[in-house]
There are 2 protein chains.
Amino acid sequence: MTSPRGSRPGTARPSMADVARLAGVSSQTVSRVSNGQANVDEATRARVLDAMQTLGYRPNGAARALKSGRFHTIGVIMTTLQTLGNIRTLDAVATEAVHADNAVLLMPIPDPTLRSVSGAYQRLSAQAVDGAVIILEARFLDRAEFALPPGIPVVVIDSGAGPGYTVVDTDQALGARQATAHLLSLGHRRVWHVAGPETSFSAAHRSESWEGTLRAAGIEPPPLLRGDWTAESGYRHGLALGRRDDVTAIFAANDEMALGAMRALHELGRAVPGDVSIVGFDDMDGAASFWPPLTTVRQDFATVGRLSIRKLLDRVADPASPPDTTVVPTDLVIRASTAPPRP
Amino acid sequence: MTSPRGSRPGTARPSMADVARLAGVSSQTVSRVSNGQANVDEATRARVLDAMQTLGYRPNGAARALKSGRFHTIGVIMTTLQTLGNIRTLDAVATEAVHADNAVLLMPIPDPTLRSVSGAYQRLSAQAVDGAVIILEARFLDRAEFALPPGIPVVVIDSGAGPGYTVVDTDQALGARQATAHLLSLGHRRVWHVAGPETSFSAAHRSESWEGTLRAAGIEPPPLLRGDWTAESGYRHGLALGRRDDVTAIFAANDEMALGAMRALHELGRAVPGDVSIVGFDDMDGAASFWPPLTTVRQDFATVGRLSIRKLLDRVADPASPPDTTVVPTDLVIRASTAPPRP
DNA sequence: CACCAAGATGTTTACGCAAACATGGAACCG
DNA sequence: CGGTTCCATGTTTGCGTAAACATCTTGGTG
């Protein structure tokens, strides 16, 4: 294996001038070659490329950015990488950004307080980014004190951020409707709901849609059960629900809570889906291997990521473009955790 | 909510010169204030800060980097965010980097080929980073064609990268030993192993250590079962193992494969842990809520992240510092999926 | 009171790159 | 064959910042 040496002593990073000297041309010609412009003689180009190779020349991003005002980098502000949705979204955004020849600058914020979000903005605007994607439970965006730094285009993912922002989001309401309607169509009379935390807009969208779907079917929704996305909270509610024999269908706002609920039902000796049907949300890795395999709602993170980057780059190119909101549809994935109620 | 306006038309981003003009000082004084240097009169400093506030001045990172040669940014090269370990490690690295006042530039590589890794390097060295953390199954680092770009300090995580690199990694061997020894100490005679893919160094370390532990106990290891980290592959092997009644203990190289194996055993009507005990690796979210809750090996990603950043920044400050390797110990988390074999 | 030290502030310069403009030579035209 | 075009290449300049150096002010000292 080649040895991972650093640069040789005294060998500072070569600049265009160094390359130019070696190739016997002006630095401007090196610049042209470096940027792939057309008006360069083939022989000259070859000589310059050769010199670059020899010296190990790499363009200096800082200088380039200073000159052009563009960094080809976008910032991503997000809470810590704890929830599946955030991770998948980040993955999609990063992949898409790289595809569009942009780098991704990660700005994790330690806790979801207004202060730390603002802090992230400070760092962001001091940093070298052309725009930013905010992956965030958006409660905080609705506060008056919260002002975006001027001059930085932003796209918000996963939120109920008011008008004035460009928003891309999964159609949470559709997903919850699919889940609830699926259980109703199997013949269940009531569908219980283990919701996500109050601070989350996604959770709010899902529970509102669950409630609306039931009401539209002429069914009075049972009391909402508040969880916090963790399997543990699903387990807690699962224990309570499993002890009642009038509970036959549960819609959990994410797969982990569904997992916890199923564990509780197992412990109580209740059959899934025989006694109780369960639907989750996210289609996390492994959901197909839960016991039983979980019926769940799949989000199209890839599309969310692609749209976000595309819209962001549009806004970078034309900051005056009007904000808009886009929702991406979900899919219901039917597996073995749902069945008609016992007659 | 405040309207998310962009900058006013014609209002380019203010520079130090603008601030200086408004405050009636030289731009150098603004620089001093901006960098918190001491030799500035209190009144002057206040006036400058005031002007900064008024104009909404933010230092230009590109110019600063061009001048200082430091970007306060580190690159992270990794395969897509699909595996839990990668995600957790990234989270830890990012958190730690921000803590050290560095930004994190994400460089995902689309597929684990030598070509795309090299491509990432190209982009990296063209980008504005002081150093890089490589989170990677390290097979590729051992290829002769693979040369690091000179002058960029690198720390490698999760690998068997040869000498010459600075490496930080979880003590995979320890974890596998803990898992295997736990099953042996419960009285199991043979421990079967569902391994990760051949291309993974982590997988190799885990299976080698599993084998070594058995041999040290005077037990001939059963044939190794090759998986690919997915629950599906665990399920496949679980079906095969569950059909033999001489199988009482399984060590899966990650939690998802353990999950799949358990599902297979459930389907076959074999009790876990009554008939078969299972140990996983990773302690993923929800592992405590599997049915049954999974005994597993927990990695200390936070420490890995912290050490990586610290070592990397050390190398940035002093590129001549000698490479070394550090391993971080694991913990065995004992839950309900393991028990003594039936007598 | 001349002189000096120390601190505050200003001026110059260079970082590496690329746009804008300048130059020089070859090909083409009537 | 004089003039016009076009293309390859060179020269100048400035992006925003901060180090290095220069200058000015203030107060204290012999």
Side-chain angles (χ1 to χ4, degrees), chain A residues 7 11-52 55-73 125-130 151, chain B residues 7 10-52 55-73 125-130 151-152:
Chain A
S7 52
T11 311
R13 207 173 154 176
S15 74
M16 286 203 332
D18 299 315
V19 176
R21 203 170 309 119
L22 181 58
V25 299
S26 76
S27 65
Q28 182 57 217
T29 299
V30 177
S31 169
R32 281 189 267 258
V33 171
S34 179
N35 292 348
Q37 291 182 22
N39 331 335
V40 181
D41 188 75
E42 266 319 308
T44 310
R45 178 188 304 278
R47 206 144 32 90
V48 170
L49 287 173
D50 213 55
M52 285 179 172
L55 295 176
Y57 169 78
R58 300 283 158 217
N60 180 321
R64 188 172 276 187
L66 175 59
K67 194 78 181 87
S68 68
R70 284 286 296 278
F71 303 91
H72 294 283
T73 298
S125 56
Q127 279 296 340
V129 297
D130 299 321
Chain B
S7 52
T11 310
R13 205 172 156 177
S15 74
M16 287 204 331
D18 299 315
V19 176
R21 203 171 309 118
L22 180 58
V25 298
S26 76
S27 64
Q28 181 58 204
T29 300
V30 176
S31 169
R32 282 190 267 257
V33 171
S34 179
N35 291 347
Q37 291 182 22
N39 331 334
V40 180
D41 188 75
E42 266 320 309
T44 309
R45 177 187 305 277
R47 205 144 33 89
V48 170
L49 287 173
D50 212 54
M52 284 180 174
L55 295 176
Y57 168 78
R58 300 281 158 219
N60 180 321
R64 191 171 273 190
L66 175 59
K67 195 77 183 92
S68 68
R70 284 286 296 275
F71 303 91
H72 295 283
T73 298
S125 55
Q127 280 297 340
V129 298
D130 298 321
I152 298 190

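So you know, we letter chains A, B, ... as the sequences are listed, proteins then strands, and number each from 1. In this text, all values refer to a predicted model and were calculated from it rather than measured experimentally.
- Separating the CD atom of A/Gln37 from the C1' atom of D/dT9 is a distance of 12 Å, rounded to the nearest angstrom.
- Checked by atom type, the side-chain pair A/Thr44/A/Arg32 shows no donor-acceptor distance below 3.5 Å.
- Across the protein-nucleic acid pair, B/Asp41 atom CG and C/dA6 atom P stand 19 Å apart, rounded to whole Å.
- Where A/Lys67 and B/Ala17 meet DNA chain D, the nucleotide closest to each residue was compared, and A/Lys67 sits on the side nearer the 5' end.
- If you measure from atom CZ of A/Phe71 to atom P of C/dC17, you get 16 Å, rounded to the nearest angstrom.
- Contact between B/Leu66 and A/Ala62 at its shortest, heavy atoms only, is N-CB, 3.7 Å.
- Of the candidate nucleotides D/dA8, C/dG16, C/dA14, C/dG16 has the atom lying nearest to any side-chain atom of A/Leu66.
- Taking every heavy atom of residues 24-32 of chain A and every atom of DNA chain C, pairs under 4.0 Å involve A/Gln28, A/Ser31, by number.
- Closest approach to the A/Arg64 side chain among C/dG16, C/dT9, C/dA18 is made by C/dA18 (side chain taken as heavy atoms from C-beta onward).
- To the nearest angstrom, P of C/dA20 lies 14 Å from CG of A/Asn35.
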Starting from the C-alpha separation in whole Å, work towards a yes-or-no answer on side-chain contact (heavy atoms from CB on, under 4.5 Å) for B/Arg47 and B/Asp50. CA-CA 5 Å; B/Arg47 205 144 33 89; B/Asp50 212 54; 5.5 Å; no
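- From A/Asn35, atom CG reaches atom CZ of A/Arg64 across 5.0 Å, with rounding to the nearest 0.5 Å.
- Residue A/Tyr57 has its side chain nearest to C/dC17 when only C/dC17, D/dT9, D/dA18 are considered.
- Between A/Asp130 and A/His72, the closest heavy-atom pair is OD2-N, 2.7 Å.
- To the nearest 0.5 Å, the span separating OG on B/Ser34 from CD on B/Gln28 amounts to 10.5 Å.
- OP1 or OP2 of D/dT9 has not a single side-chain nitrogen or oxygen of A/Asn39 nearer than 4.0 Å.
- Going from atom CZ of A/Arg70 over to atom P of C/dG16 covers 24 Å, rounded to whole Å.
- Within 4.0 Å of A/Glu42, counting heavy atoms only, lies no atom of the nucleic acid at all.
- A sub-4.0 Å separation between OP1 or OP2 of C/dT9 and a side-chain N or O of B/Thr44 is present.
- Under 4.0 angstrom from either OP1 or OP2 of C/dC15 there lies no side-chain N or O belonging to A/Asn60.
- Going from atom CZ of B/Arg13 over to atom P of D/dC15 covers 15 Å, rounded to whole Å.
- Counting to the nearest Å, the P atom of D/dG16 and the CG atom of B/Leu55 are 13 Å from each other.
- Separating the CE atom of B/Met16 from the P atom of D/dA19 is a distance of 10 Å, rounded to the nearest angstrom.
- A/Leu55 approaches A/Leu22 most closely through the heavy-atom pair CG-CD2, 3.9 Å.
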